[in-house]
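Taking it in order: structure first as structure tokens, then the write-up.
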Amino acid sequence: SPDMTINFQDDYNHKPVEQQAQTFWQDNKSFKVEVDPTRQKFYCLSMFPYPSGRLHMGHVRNYTIGDVISRFQRMRGKNVLQPMGFDAFGLPAENAALKHKLPPANWTYDNIKYMRMQLQQLGYAYDWDRELATCHPDYYRWEQWFFCRLFEKGLVYKKEAEVNWDPVDQTVLANEQVIDGRGWRSGALVERRKIPQWFIKITAYADELLRDLDKLDGWPERVRVMQQNWIGRSEGLEFSFKVVGSDELLTVYTTRPDTLMGVTYCAVAAQHPLALEAAKSNPALAAFIKKQDNIKLAEAEMATLEKEGMDTGLKAIHPITGEQVPIWTANFVLMSYGSGAVMSVPAHDQRDYEFAKKYGLAIKQVISPDHISKDCNIEKEAFTERGILINSGDYNGLDFDGAFDQLLTFFENNRTGSKQVNFRLRDWGVSRQRYWGAPIPIINCAACGAVPVPDKDLPVILPTDVEIDGATSPIKKMRSFIDCACPQCGGKAERETDTFDTFMESSWYYARFASARYEGGMLNKPEVDYWLDVDQYIGGVEHAILHLLYSRFFHKLMRDLGLVKSDEPFKRLLTQGMVLKDGAKMSKSLGNTVDPEGMIEQYGADTVRLYMMFTSPPDQSLEWSDSGVEGAYRFLRRLWKLIGGFTASNLTVDVASLNDAQKEVRQKTHATIKKVTDDYDRRQVFNTAIAAVMELYNEVGKFTAANNAQDGGQNQAIVQEALEAMVLLLAPIVPHMCHVLWSHLGKQGALIDAGWPSWDEGALVATKVSIAAQVNGKLRSVLELPPDSDKAAIERAAFADETVQKFIAGVAVKKVIVVPGRLINIVVG
RNA sequence: GCCCGGGUGGCGAAACUGGUAGACGCAAGGGACUUAAAAUCCCUCGACCCUAAAGGUCGUACCGGUUCGAUUCCGGUCCCGGGCACCA
């Protein structure tokens with residue numbers, strides 16, 4: 001066994017250092033927290049991991065960022081909650097179960113055990129007493145309970161919806177399991193199939209989800225923009241075309257009613273009732289429609305398809321001109337969006353344009369550019385900007401708004417159309433035909449229909465003693481699970497065998513952490529009211545839309561049930577970038593992974609944490625480099641040597657007595673405290689915080705090389721102050737070493753309880769500043785001036801400068817721009 | 001295809017509000033120490049031209065614009081990455 005005693009004269013050995021610190025934190029339950037209304041709380045949460053087996057570098061990065069922020073806030077005196085758990089339901093467990101011939105539950109719990117140990121090795125300041133796993137009935141029972149409340153409120157409903165169907169394996173496939181249109185195991189061409197599924201009415205909250213984005217000023221702008229576009233609110237006109245020889249109406253929605261007179265055809269989805277009707281007497285059309293059944297469900301798949309269509313033979317009657325236009329079916333019209341039909345204006349919509357060109361359909365220009373919009377060339381492409389109406393009869397000369405108003409009036413008067421607000425957002429389908437998920441708490445009764453499981457019968461426990469066959473979920477044929485009595489009529493009934501989308505579990509875990517062990521309900525109000533909202537949420541940018549939108553939605557649902565009191569769950573959001581190696585995302589399939597465990601063994605958790613934080617800012621991608629890790633390790637060794645070799649004292653700095661060299665070190669110390677504090681707090685960039693501490697290290701190194709820092713005088717006091725600052729400032733990132741060095745610096749009490757250092761504004765004043773002297777915007781000289789030099793003084797110094805004079809000699813000075821403290825630019829010519 | 005990011009030395013990056021481009025680190029080269037190596041310490045390090053010393057020109061993906069001044073703002077182009085509703 002390794003020698004676990006620490007000798008500060010020896011080289012840095014991470015093992016005893018990290019063991020000593022971790023033992024201290026464990027023995028003192030340093031990170032266990034309770035409600036304390038007398039203290040300001042800070043809830044810092046990192047997105048919990050899927051227990052895939054071992055931590056990967058992406059996890060390490062994510063959780064280190066969260067830990068850095070948590071420890072920083074704790075040092076600032078906040079009552080910091082930082083919990084951890086596992087998002088434990090999901091598809092990979094079923095795949096692993098099939099491969100290893102063991103139940104998903106066993107695999108999952110084994111992985112959790114291992115990953116918990118790995119997280120502990122990294123020294124994260126978690127309150128482990130709150131750990132949860134979403135696959136545990138104590139957790140998902142409340143999700144089932146919550147779903148029943150939504151059922152009562154009419155916020156859930158069942159409807160037929162399409163899935164990817166593997167006709168050979170007789171199973172529903174996830175998008176991920178469809179490769180090039182075929183099932184990943186069977187290789188069979190996938191089919192679309194409609195099955196009844198449960199939906200939650202997220203569209204009922206679309207307006208609020210959109211509006212409240214404005215409240216999220218602690219979120220990255222790009223995430224808010226992505227969510228806004230995803231929700232996709234638009235205002236338009238909904239109206240209907242009559243169809244020749246049919247009672248059916250063709251209802252469409254358009255955001256460009258001003259182009260109505262340019263309609264030259266209509267397009268409907270393959271599954272549109274009109275297309276299906278026409279196909280009955282048209283085998284070629286039937287074949288075309290059938291072919292659309294083999295397209296994977298994913299939107300990207302449909303959007304990149306070659307645009308194809310076929311004339312249905314039906315004609316629509318233009319509501320204004322009475323003109324007849326053909327109705328086509330087209331593969332780019334989605335049955336799931338709007339009414340599954342569109343009016344087509346090829347002159348003013350690029351997609352319609354390309355389709356019209358391909359199939360020889362008419363193109364009629366009805367908008368011409370106004371003085372703001374660009375030129376148009378209808379021979380080459382559609383003109384999609386707004387402009388002035390032409391070729392539009394009574395509407396000629398109107399602009400977009402005028403045309404919208406007048407056409408709306410026309411349709412309203414005829415009661416054939418109205419203004420509509422549409423959302424791109426669709427209701428959330430939560431049914432999965434998979435095993436490893438939370439059972440949907442519904443009982444299907446022939447007499448009573450779908451009946452929620454009564455609260456007293458919750459949870460509906462997922463049987464875990466199962467065998468996975470790679471196709472059907474084992475509970476779908478498990479009579480002991482299925483057979484039950486109807487809670488309403490008592491008759492024979494069947495339990496729902498679908499499980500919830502795993503996004504359900506991850507949509508409220510942040511709230512459960514506030515009272516993770518509470519058995520009296522989903523959330524314990526006093527605790528939740530104290531800890532929520534999450535002050536800082538950290539996770540991958542890949543979750544920018546779905547997870548974060550569903551969580552926001554759940555929060556509002558919980559609010560409306562009186563469970564939480566705020567409108568939004570996450571005050572501040574940090575989306576961290578990916579970890580790359582050789583320019584690509586680390587992944588097993590590419591074989592470019594680096595196992596954190598080996599790195600921790602070799603260099604220690606502190607080095608890995610330091611490297612991850614130093615290499616890039618948190619929101620950018622991080623390129624892995626082995627020698628970069630070496631560099632981080634070397635810095636820690638140098639730091640150990642400098643501080644370990646320093647003899648601590650309790651001398652205090654006597655500001656009035658300092659010489660210039662001492663003043664400069666002190667200035668650097670305090671400037672570093674100020675900069676690093678700002679980097680942690682406002683900017684959340686840790687690479688520059690570390691760089692600043694390294695600069696301070698270099699400065700102290702130079703100072704000690706030139707002066708005796710152990711002299712018992714002001715040199716020693718100045719260095720002691722700098723070293724204390726370095727240890728405190730690095731503590732959130734390198735907590736183990738700093739914990740140990742803190743006591744070596746003669747400090748009483750644990751570092752985690754030491755306050756965050758403050759800076760002395762008086763110490764920040766520099767003895768001189770460098771002013772750039774430019775001529776015509778080009779740097780010609782650098783002026784060393786007193787820090788308080790005003791414009792006139794800077795100008796005098798610049799014109800007195802030899803090099804500057806060289807460049808302004810013989811030419812007229814046209815203008816002089818002075819930015820005090822920064823630069824002077826002399827414009828000549 | 002649509003939405004959102006990103007592109008700066010050999011490499012990771014910095015420049016925070018339009019104001020000295022390349023802080024900090026890695027790699028490389030040179031030197032010190034050493035019997036030697038490792039470790040450590042010191043020096044050099046964007047490209048090109050030029051010099052005895054100096055100095056100069058260019059340079060932040062590409063093209064154009066605004067400005068005394070643009071990595072930063074605007075318009076366009078290319079490339080790379082994330083998301084697209086059943087991967088999590």
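Below, chains carry the letters A, B, ... as their sequence lines are ordered, and counting in each starts from 1.
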Please tabulate the protein-to-nucleotide N/O contacts below 3.5 Å involving nucleotides 6-8 of chain B, giving atom names and distances.
none

### Query
Would one find more than 12 heavy atoms of other residues, nucleotides or ligands at under 6.0 Å from atom NZ of A/K358?
yes

### Task
Using only heavy-atom distances, decide whether a donor-acceptor pair under 3.5 angstrom links the side-chain of A/N229 to the base of B/C3.
no

What N/O pairs connect the protein and nucleotides 79-84 of chain B at under 3.5 Å? Give each pair on its own line.
| from | atom 1 | to | atom 2 | distance (Å) |
| --- | --- | --- | --- | --- |
| B/C84 | O2' | A/E299 | OE1 | 3.4 |

### Query
When you check the gap from the basic side-chain N to the acidic O, do A/R192 and A/E162 get nearer than 4.0 Å?
yes

### Task
Would you check if the side chain of A/Q350 reaches a backbone N or O of A/A382 as a donor-acceptor pair within less than 3.5 Å?
yes

### Task
If the glycosidic angle is within 90 degrees of 0 it's syn, otherwise anti, so just tell me which one B/G9 is.
syn

### Query
When you measure from the side chain of A/T688, which nucleotide among B/C3, B/A14, B/C87 comes out closest?
B/A14

### B/S/- contact track for nucleotides 41-57 of chain B, protein heavy atom under 4.0 Å
S--------------SS

### Query
In which stems does RNA chain B show up, taking only runs of three or more Watson-Crick or G-U wobble pairs whose two distances fall under 3.5 Å?
B:1-7 with B:78-84, B:10-12 with B:24-26, B:28-32 with B:40-44, B:46-49 with B:55-58, B:61-65 with B:73-77

#### Entry: Atom-to-atom span, CG of A/D352 to C1' of B/G1 - whole angstrom
14 Å

### Summary
Side-chain contact check for A/A691: nearest option of B/C26, B/A14, B/C24 is B/C24

### Message
Restricting to side-chain contact (heavy atoms from CB on, under 4.5 Å), what partner residues turn up for A/Q667, sequence neighbours left out?
### Response
A/A766

### Cationic tip of A/R424 above A/W230 ring, under 6.0 Å, 45° of axis
yes

### Side chain of A/F614 (C-beta onward), nearest among B/A88, B/G19, B/G12
B/G12

With the criterion being N/O to N/O and under 3.5 Å, what pairs connect the protein with nucleotides 16-18 of chain B, and how long is each?
| from | atom 1 | to | atom 2 | distance (Å) |
| --- | --- | --- | --- | --- |
| B/C16 | O2 | A/R682 | NH2 | 2.5 |
| B/C16 | O2 | A/R683 | NE | 3.4 |
| B/C16 | N3 | A/R683 | NH1 | 3.3 |
| B/C16 | N4 | A/K675 | NZ | 2.6 |

